Amino acid sequence: MKRWLNYAKPYWIYFIVGPLCMITEVIGEIALPALYAKIVDVGVANHDVRYIAITCALMILTALLMMFGGVGGAYFASKASVNFAADVRRDVYAKIQKFSFANIDHFSTGSLVTRLTNDVTQIMNIINMIMRMCLRAPGMLIGALIMSILMNPNLATVLAVTIPLLLVVVITVIRIGFPRFSRMQSKVDGLNNKIQEDLTNVRVIKSFVREDYEKERFAEANGDLRATAMSALNVMIAMMPIMMLLMNFTVLAVIWFGGNQVIGGTMAVGDLTAFINYVNQILMSLMMLTMVFLNSSRALASARRISEVLDEKIDLTDENAARRDLDVTRGDVEFRNVGFRYYKNSDEQVLQNISLTIRAGETVGIIGSTGCGKTTLVSMIPRLYDVDEGEVLVDGVNVKDYDLTRLRSGVGMVLQKNVLFSGSIEENLRWGDENAPMEQVVAAAKAAQADPFIQTFADGYDTELDQGGANVSGGQKQRLCIARALLKKPKILILDDSTSAVDTATEARIRASFQNELKDSTKIIIAQRITSVMDADKIIVLDDGRVTGVGSHDELLASNQEYQEIYYSQMDRKEGA
């Protein structure tokens, strides 16, 4: 509760003024039936037109005040709930940005999207509803109950039967509804995951002609959500008729017993009409409270899911960094007895006892079979993962002692999956350095061999890229990502199989440009093609999470069996082709 109160504090004035405005509506609701009764019992009975006119004017004034109060209450409720939700959404998004890869693995992408959108919206809606009803519904209930008892205590005993029955309905609805709404939000997660997967991989689906299969999978996820949603909404569907039935029985009872009192001369007609209005107000206020409680059960499920994200413990932080003011200045890298496993409770290690030294300015190739741990190894340098054993040092300092921002600012990384964002080519390249002059942007593109194809576009560097760079080829995406990393001018550049979609001649020109653009930077190249690393100063051979060889191309070709197998298998295929 303390967490949510902290979100309300900046907007406390809205949370106070909004409900106070609603009190105006409550006072009006209570006053109008009494004024109407006066018109019937005094004005009409005595044929007093002046009294009727004055009372009608007072009723109109009351209605106008109610209108202003209602508009004010709705306005401040909206201001409070929207700002509250925006702050929650901001903090959830900021927390997700701090997640390590391991943290992200705890939640599916679709689930995080649902929590940022649908779940936050549920909280916003319940805050808006509570602010508009937290004083109005109880105020109307208490006020109408007092007025009905004062008006006719004997007739008010009818309510002593109805209200307990309504409370039983409310409690039953809440107990049944809460778990069903929790399950419904989980099904929303599943549907969002399916939609995201299909939209991301739409080209693969079409190329394999799997549209019908994916339609069936979507229909299954959609059907699950539909069934779960109907199970939850059935509670509300059943509640409304039951509540209305009880209300109608109550009104009929009041008319029966009150009508007999009117006939017997112990109750005025106007008082009976006003009493019926008060009974309706009491029952309507109970219905409003029921809706608040029911929607609160759904909002509580959403609040719990949001809290799971906010309470997620970040397993990779720089809180204990000893050298927070330190920047990466040279580019030396050292691995000392490094061991790592993805599943911490597993005995199987992805990396085992890795010890390596890479000097600043060197070009180092890393080669090995798929799944041998190449990407995981280099991910330790910018602390995308933390070692389980040993340590990784950059410029002689343990990476855990760096401020994360400073460490990652000194490392440029082009990942296997080339990610571009919607926006212009220039905007994407400026991720490397948003303040770089345009000449440097173009120079980085030229070094990455991207400038020639950019110039073929009508809008050049202003060409808009679709989401994920869908309107450029795989090789073009790779070159744009390399240009983005070059513009950063990192002390350590890591290329993780990032030229696989580029022809060998273009790849050679890219490697040659590194000697000019980043001659003092450390270059680490992960590759499947042996031609991509054979000219490196040093080549590291990995096999099943272990280093099996370190040396130049000639040295490894003469002494390392794994390297020999890779070399001859690729060279034989090349010659055979």
Side-chain angles (χ1 to χ4, degrees), residues 1 4-5 7-8 11-33 62-63 65-85 88 120-148 159 162-175 177-178 181 232-233 235-237 239-244 246-247 250 277-303:
M1 182 57 69
W4 308 116
L5 288 175
Y7 282 111
Y11 313 106
W12 64 270
I13 190 70
Y14 303 146
F15 281 94
I16 292 175
V17 175
L20 289 178
C21 288
M22 301 309 297
I23 291 178
T24 307
E25 267 198 314
V26 174
I27 294 172
E29 294 274 8
I30 300 303
L32 285 176
T62 302
L65 290 174
M66 288 174 63
M67 181 190 71
F68 286 117
V71 170
Y75 173 77
F76 288 113
S78 297
K79 289 276 286 185
S81 59
V82 169
N83 282 291
F84 185 102
V88 172
V120 174
T121 300
Q122 295 300 328
I123 292 177
M124 179 182 73
N125 290 341
I126 194 60
I127 289 173
N128 192 305
M129 181 181 289
I130 288 174
M131 285 188 64
R132 298 178 69 172
M133 296 184 183
C134 67
L135 290 183
R136 183 183 180 189
M140 193 162 65
L141 172 64
I142 295 170
L145 193 58
I146 291 172
M147 291 296 290
S148 61
L159 299 172
T162 306
I163 291 177
L165 290 175
L166 288 171
L167 289 175
V168 169
V169 172
V170 171
I171 294 170
T172 303
V173 163
I174 292 171
R175 290 187 63 183
F178 182 79
F181 283 122
L233 294 175
V235 177
M236 299 179 69
I237 293 169
M239 179 197 72
M240 293 302 294
I242 293 172
M243 297 285 284
M244 291 301 298
L246 290 172
M247 286 177 61
T250 304
N277 282 328
Y278 286 130
V279 169
N280 281 323
Q281 287 180 11
I282 291 168
L283 300 177
M284 285 301 297
S285 63
L286 283 172
M287 286 191 66
M288 283 191 284
L289 288 172
T290 303
M291 292 300 297
V292 169
F293 286 127
L294 189 59
N295 282 280
S296 293
S297 68
R298 186 175 183 180
L300 283 172
S302 293

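Along the sequence shown, residues are numbered consecutively beginning with 1. Worth saying up front: this structure is predicted, and the values here are computed from it rather than measured.
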Quiz prompt | Closest contact, heavy atoms only, Ala74 versus Met22 | solution = N-SD, 4.3 Å

Quiz prompt | Spacing of Ile130 atom CD1 and Phe15 atom CZ [to the nearest 0.5 Å] | solution = 9.5 Å

Quiz item: Taking C-beta and beyond as the side chain, do Ser81 and Asn125 meet within less than 4.5 Å on heavy atoms?
Solution: no

Exercise. Give the minimum heavy-atom separation between Val120 and Ala85, together with the two atoms involved.
Key: CG1-O, 3.5 Å

Quiz item: Does Met140 reach the side chain of Met288, with side-chain heavy atoms less than 4.5 Å apart?
Solution: yes

Practice problem: Heavy atoms only: give me the nearest Gly28-Thr62 pair and the separation to one decimal. | Solution: CA-CG2, 3.6 Å

Quiz item: Which salt bridge (Lys or Arg N to Asp or Glu O under 4.0 Å) pairs, counting each pair once, include a residue from residues 136-145, with sequence neighbours left out?
Solution: Glu25-Arg136, Glu29-Arg136

Quiz item: Rounded to the nearest 0.5 Å, what separation is found between the OH atom of Tyr278 and the CG atom of Leu32?
Solution: 8.5 Å

Exercise. Compare all side-chain heavy atoms of Val88 with those of Trp4 and state whether any distance is below 4.5 angstrom.
Key: yes

Exercise. Can you see which heavy atom on Gly139 is nearest to which on Val26, and at what distance?
Key: C-CG1, 3.6 Å

Practice problem: Taking the side chain as every heavy atom from C-beta outward, state whether Ile127 and Met131 have any atom pair closer than 4.5 Å. | Solution: yes

Exercise. Supply the atom-to-atom distance Asn128 CG to Ile123 CD1, rounded to the nearest 0.5 angstrom.
Key: 13.5 Å

Quiz item: More than 12 non-hydrogen atoms from neighbouring residues, nucleotides or ligands closer than 6.0 Å to CE on Met284, yes or no?
Solution: no

Quiz prompt | Nearest heavy atoms of Gly143 and Ile30, plus distance in Å | solution = C-CD1, 3.6 Å

Quiz item: What heavy-atom pair brings Gly73 and Cys21 nearest, and what distance separates the two atoms?
Solution: N-CB, 3.5 Å

Exercise. Please identify each residue that fulfils side-chain contact (heavy atoms from CB on, under 4.5 Å) with Asn83, with sequence neighbours left out.
Key: Tyr11, Tyr14, Lys79

Quiz item: Do Thr24 and Phe68 come close enough that some side-chain heavy atom pair is under 4.5 Å?
Solution: no

Exercise. Drop me the distance from Leu141's CG to Leu289's CG, to the nearest 0.5 angstrom.
Key: 6.5 Å

Self-check item: Distance, nearest 0.5 Å, that separates CD of Gln281 from CG of Leu145
Solution: 11.5 Å

Quiz item: About how many Å separate CZ of Phe76 and CD1 of Ile13, when rounded to the nearest 0.5 Å?
Solution: 8.0 Å

Quiz prompt | Contact check, side chains of Leu20 and Val17, non-hydrogen atoms, under 4.5 Å | solution = no

